[in-house]
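Report on one structure; see the data block that follows.
Numbers here simply count residues along the sequence, with the first being 1. Predicted, not measured: the structure shown is a model, and the values here were computed from it.
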Amino acid sequence: MLSKAQIEEYHDVGAIVVPDVLTADEVRTLSDVTDGFVQRAAGLTSHTDIYDLEDSHSAANPRVRRIKAAHLHDPAYAALTRHPKIISVLQALWGPHIRFDTAKLNMKCAGFGAPVEWHQDWAFYPHTNDDLAAVGVMFDDMAMENGPLMIIPGSHAGPTFDHHADGVFCGAMSPDNHDVDYARAIPLTGKAGSITVHHVRAVHGSAPNVSDRDHRLLLFQFRAADAWPILGFPGGIEAFDALMVAGQTQQPRLSAAPVRLPLPPAARQGSLYENQKGMKSRFFEMAAQ
């Protein structure tokens, strides 16, 4: 699935876009399933174990910004955890043994979709090594106007930045710290059916959707089978081993990677969006002014 040039780009930049991974029929099915979830949110007045709602959500005008653990709620989402093309991409980067973690469907509806502030996934779930990545499956064409995922190239090879506010984890980097040059950010754009793959330590974020087109990106967290979570696995070793999607479980491999723990935990729980409400200043709010 990947050329030598794509593999080199991933290791140099920290992210790649791989086109034409899903067929048009697969994308259509996933879009229809997602539309059903949004329609069923109409009667909700607050977040649930499945839904994370936009602040502007109402029963009359349902606005969903995330479906949590999407793979647990519909077989169409779950099937992608073992999609042969996606697994092939990951094996080209890490070898034969691949373990899944979890998934979430981020949605930015046309004209109002919320931004995601700059952060590193590694800050949320450090492991014994950093062969981890998020795979984003595009249900819609992604262009600058509808708030695509953006990445700071090369940041995956740098430090793990502070994601705390007043000593409490908030799931985002304060723009006041000037940790990176955000002007260097590159967008991960492409056609529906493409996937993005970004390294777990890559600094990334996304602006609001200001277009008349939706932005739906189903994000899967994968890891090499020898990357074990430092914070443990509450479900037990049996549940951890059940997450294998290719090859066999492996003993933990330790490698040098800078770690900061997401502790004390964020004051607002439920999703990254809620975590980030603990920020003192926000990059995308400042950029819009």
Side-chain angles (χ1 to χ4, degrees), residues 1-22 80-81 83-103 116 118-138 142 148-161 163 173 179-191 193-206 217-230 244-247 250-260:
M1 281 297 296
L2 293 185
S3 66
K4 180 181 178 182
Q6 287 173 308
I7 294 172
E8 290 175 351
E9 179 183 2
Y10 175 79
H11 290 300
D12 290 343
V13 175
I16 53 173
V17 177
V18 186
D20 303 321
V21 174
L22 270 60
L80 293 180
T81 66
H83 194 289
K85 290 185 178 180
I86 294 175
I87 297 300
S88 179
V89 167
L90 296 171
Q91 289 176 323
L93 298 174
W94 301 331
H97 308 294
I98 308 295
R99 196 189 312 269
F100 174 63
D101 184 4
T102 190
V116 175
W118 296 101
H119 67 283
Q120 296 164 292
D121 295 339
W122 186 245
F124 290 79
Y125 42 88
H127 279 56
T128 58
N129 66 73
D130 63 357
D131 277 343
L132 295 87
V135 173
V137 181
M138 299 181 188
M142 295 292 174
L149 184 66
M150 295 186 293
I151 189 167
I152 307 297
S155 57
H156 66 298
T160 300
F161 295 105
H163 289 62
M173 297 159 52
D179 293 316
V180 297
D181 180 3
Y182 296 109
R184 295 179 54 242
I186 58 173
L188 303 183
T189 57
K191 296 291 186 181
S194 303
I195 68 169
T196 64
V197 185
H198 71 264
H199 192 282
V200 70
R201 287 169 55 192
V203 175
H204 62 287
S206 58
L217 186 70
L218 180 52
L219 286 159
F220 293 93
Q221 296 163 203
F222 288 96
R223 50 205 162 177
D226 60 6
W228 287 51
I230 289 175
M244 290 297 300
V245 292
Q250 303 289 301
Q251 290 298 310
R253 171 172 55 90
L254 292 172
S255 66
V259 168
R260 290 176 182 256

**Report entry** Matching residue for Asp121 among His204, His199, Gln221 - test: side-chain contact (heavy atoms from CB on, under 4.5 Å)
**Finding:** His204
Report task. Could you check if a side-chain atom of Gln120 sits within less than 4.5 angstrom of a side-chain atom of Val200, using non-hydrogen atoms only? Result -> no
Report task. Might you point out which heavy atoms bring Pro153 and Ala185 nearest each other, and give the distance in Å? Result -> CD-CA, 4.5 Å
Report summary line: Smallest heavy-atom separation, Val203 atom then Trp118 atom, equals CG1-CE3, 3.9 Å
**Report entry** Distance (rounded to the nearest 0.5 Å) between His163 NE2 and Asp179 CG
**Finding:** 8.5 Å
Requested in this report: Compare all side-chain heavy atoms of Leu80 with those of His83 and state whether any distance is below 4.5 angstrom.
Outcome: yes
**Report entry** Side-chain (Ser155) to main-chain (Ala202) donor-acceptor, under 3.5 angstrom
**Finding:** no
Query raised in the report: Between Asp20 and Lys85, which heavy-atom pair has the shortest distance, and what is it?
Result: O-NZ, 4.0 Å
Requested in this report: Output, in order, the C-alpha distance, side-chain angles, deciding distance and verdict of side chain to side chain contact (heavy atoms under 4.5 Å, CB included) for Leu90 and Val245.
Outcome: CA-CA 11 Å; Leu90 296 171; Val245 292; over 6 Å; no
Requested in this report: For Arg223 and Phe100, indicate whether the former's side chain and the latter's backbone hold a donor-acceptor pair under 3.5 Å.
Outcome: yes
Report summary line: When rounded to the nearest 0.5 Å, the distance separating OG1 of Thr81 from CD1 of Ile87 is 7.0 Å
Requested in this report: Assess whether side chain to side chain contact (heavy atoms under 4.5 Å, CB included) is satisfied between Met142 and Val17, documenting all intermediate values.
Outcome: CA-CA 11 Å; Met142 295 292 174; Val17 177; over 6 Å; no
Query raised in the report: Any luck finding a side-chain donor-acceptor pair between Asp226 and Gln250 under 3.5 Å?
Result: no
**Report entry** Side-chain heavy atoms of Pro148 within contact of Leu188, under 4.5 Å
**Finding:** no
Requested in this report: Output yes when a side-chain donor or acceptor of Asn129 lies under 3.5 Å from a complementary backbone atom of Arg253, and no otherwise.
Outcome: yes
Requested in this report: Walk me through it: do Val197 and Val89 pass the test side chain to side chain contact (heavy atoms under 4.5 Å, CB included)?
Outcome: CA-CA 9 Å; Val197 185; Val89 167; 4.0 Å; yes
Query raised in the report: What are the two closest non-hydrogen atoms of Pro258 and Gly158, and how far apart are they?
Result: CG-O, 3.9 Å
Requested in this report: Give me the ring orientation class for His127 and Tyr125: parallel if the planes are under 30° apart, tilted from 30 to 60°, perpendicular past 60°.
Outcome: perpendicular
Report task. Please name the pair of heavy atoms, one in Met244 and one in Ile98, separated by the smallest distance, quoted to 0.1 Å. Result -> CE-O, 3.5 Å
Report summary line: Output for pair (Asp181 CG, Ile152 CD1), nearest 0.5 Å, gives 7.5 Å
Query - Backbone N/O of Leu132 and side chain of Trp122: donor-acceptor pair under 3.5 Å - result: no
Query raised in the report: Using a distance-only test with no angle check, is there a side-chain donor-acceptor pair under 3.5 angstrom linking His156 and Asp130?
Result: no
Report task. Decide yes or no on side chain to side chain contact (heavy atoms under 4.5 Å, CB included) for Met173 and Tyr182, but give the supporting numbers first. Result -> CA-CA 11 Å; Met173 297 159 52; Tyr182 296 109; 3.6 Å; yes
Query - Polar side-chain atom of Arg201 near backbone of Thr160 as donor-acceptor pair, under 3.5 Å - result: no
Query raised in the report: CG of Leu219 to NE2 of His198: how many Å apart, nearest 0.5 Å?
Result: 6.5 Å
Query raised in the report: Ile151 and Val13: which non-hydrogen atoms are nearest, and at how many Å?
Result: CD1-O, 4.4 Å
Report summary line: Interatomic distance, CD1@Ile86 vs CZ@Phe222, rounded to 0.5 Å, equals 6.0 Å
Query raised in the report: How far does CD1 of Ile16 sit from OG1 of Thr196, to the nearest 0.5 angstrom?
Result: 9.0 Å
Requested in this report: Check side-chain hydrogen bond (donor to acceptor under 3.5 Å, both in side chains) between Arg260 and all other residues, then give those that pass, not counting sequence neighbours.
Outcome: none
